[in-house]
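Keep in mind that what you see is a predicted model, and the values were worked out from it rather than measured. Both ligands and their constituent atoms are indexed starting at 1 by order of listing.
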Amino acid sequence: MRIDVLTLFPEMVEPVLGQSIVGRAIEEGQVEVRVVDFREYSPDKHKKVDDMPFGGGPGMVLRVEPIVRALRAIEGYETARKIILTPQGSPYTQSTARTLSGEKHLVLLCGHYEGIDERVSDYFDEEVSIGDYVLTGGEIAALALIDSTVRLLPGVLHNAASSDEDTFSAGLLEYPQYTRPRVFEGKSVPEVLLSGHHEAIRAWRELEMLKRTKARRKDLFDRHVEKRKKKG
Ligand code: ADE
C-alpha cells in the first residue's frame with residue numbers, strides 16, 4: 001500500500017510514523033508513506049496557502065490552488081482513493097478501516113484553519129471525520145486513519161487472530177484482560193481465568209463483552225441484539 005499525506009505540518013506526522021507497528025510496516029515495505037508539504041505548491045511568491053473567506057466571517061480558508069497542484073504532483077493520484085480529513089466528514093469506523101486496508105493507494109488531505117475552499121472537494125472522493133470534536137488540524141486524524149488501516153494489512157500484525165478479535169470486529173467491546181501477578185493490592189484476577197477450563201473461560205469472556213458493551217455503548221449493544229435476532 002502507498003499513502004500520501006498532504007499537510008502544512010509534516011513534522012507533526014513524520015516522527016509518529018516511524019514508531020511501533022506502523023514504523024515496522026514501513027521498514028518492512030508493507031506500506032510506503034510520503035508526506036507532502038503543500039505550501040511548496042503555492043503559486044505565489046510568499047507561499048501563502050490561506051486567505052479570507054468570501055462573504056466575511058472569522059478565520060482563514062485554505063486556498064484551492066496549492067492543494068490541487070500538490071495533488072497533481074503525486075504519481076498515480078488519478079486512481080488513488082483521495083480523502084479529506086475534516087470534522088464535516090462521514091464518521092470513521094473500524095469498517096471504514098477494513099475497506100481502506102484493501103486499497104492500493106490513499107491520498108489524505110489534512111485541513112486547517114476555519115476550513116478548506118469547498119471546490120477542493122471536487123478533486124477528492126470523500127470527507128472523513130474521526131469523531132464529533134474539532135482538532136486544530138487534520139494531521140492527528142490522518143495518523144489515526146493510517147494507524148488503524150495499516151495494522152489490518154496482511155502480515156503487519158504478526159498474530160493474525162489479534163485483529164479478528166478486535167473490539168468492533170464483532171461489534172462489541174472487548175472483554176477485560178489480566179496478567180501477572182494474580183493478586184495486586186488485594187485485587188484478584190477472576191478465578192475462572194486461572195481454571196484452565198477453556199469453555200468456561202470463553203463463556204465468561206463473552207458475557208463480559210456483552211455486559212461491558214451494554215454499560216458503555218448502548219448503541220453498539222442494541223445493534224448487536226438486532227443482528228442476532230435477524231440471524232435467528
Ligand atoms: N480535523 C479537525 N477535526 C477533525 C476531526 N474530528 N476529524 C477529522 N479531521 C479533523
(request) Please answer: with hydrophobic residues joined when any side-chain heavy atoms are less than 4.5 Å apart, are Ile130 and Ile3 in the same cluster? (result) yes

(message) For Thr93 and Thr96, which I'm curious about, is there any donor-acceptor pair between the side chains at under 3.5 Å?
(response) yes

(request) Quick one: name the residues clustered hydrophobically with Tyr178, using the 4.5 Å side-chain heavy-atom rule over I, L, V, M, F, W, Y, and just say none if it's on its own. (result) Val189, Val192, Leu193, Leu194, Ile201, Trp204

(message) Going by side chain to side chain donor-acceptor pair (under 3.5 Å), name the pairs with one or both residues in residues 126-142, residues two or more places apart or in two chains.
(response) Thr7-Glu139, Arg81-Glu126, His112-Glu139

Could you pull out every N or O of ligand 1 that sits under 3.5 Å from a protein N or O, with the distance for each pair?
unit_1   : atom_1 : unit_2 : atom_2 : d
ligand 1 : 3 (N)  : Leu135 : N      : 3.0
ligand 1 : 6 (N)  : Gly131 : O      : 3.1
ligand 1 : 6 (N)  : Tyr133 : O      : 2.9
ligand 1 : 7 (N)  : Ile130 : N      : 3.0
ligand 1 : 9 (N)  : Thr86  : N      : 3.1

Please set out all donor-acceptor pairs under 3.5 angstrom arising from side-chain atoms of residues 27-35, sequence neighbours excluded.
unit_1 : atom_1 : unit_2 : atom_2 : d
Gln30  : NE2    : Gly155 : O      : 3.2
Glu32  : OE2    : Arg34  : NE     : 3.2
Glu32  : OE2    : Arg34  : NH2    : 2.9

(message) For a 4.5 angstrom cut-off between non-hydrogen side-chain atoms, does Phe124 reach Ile67?
(response) yes

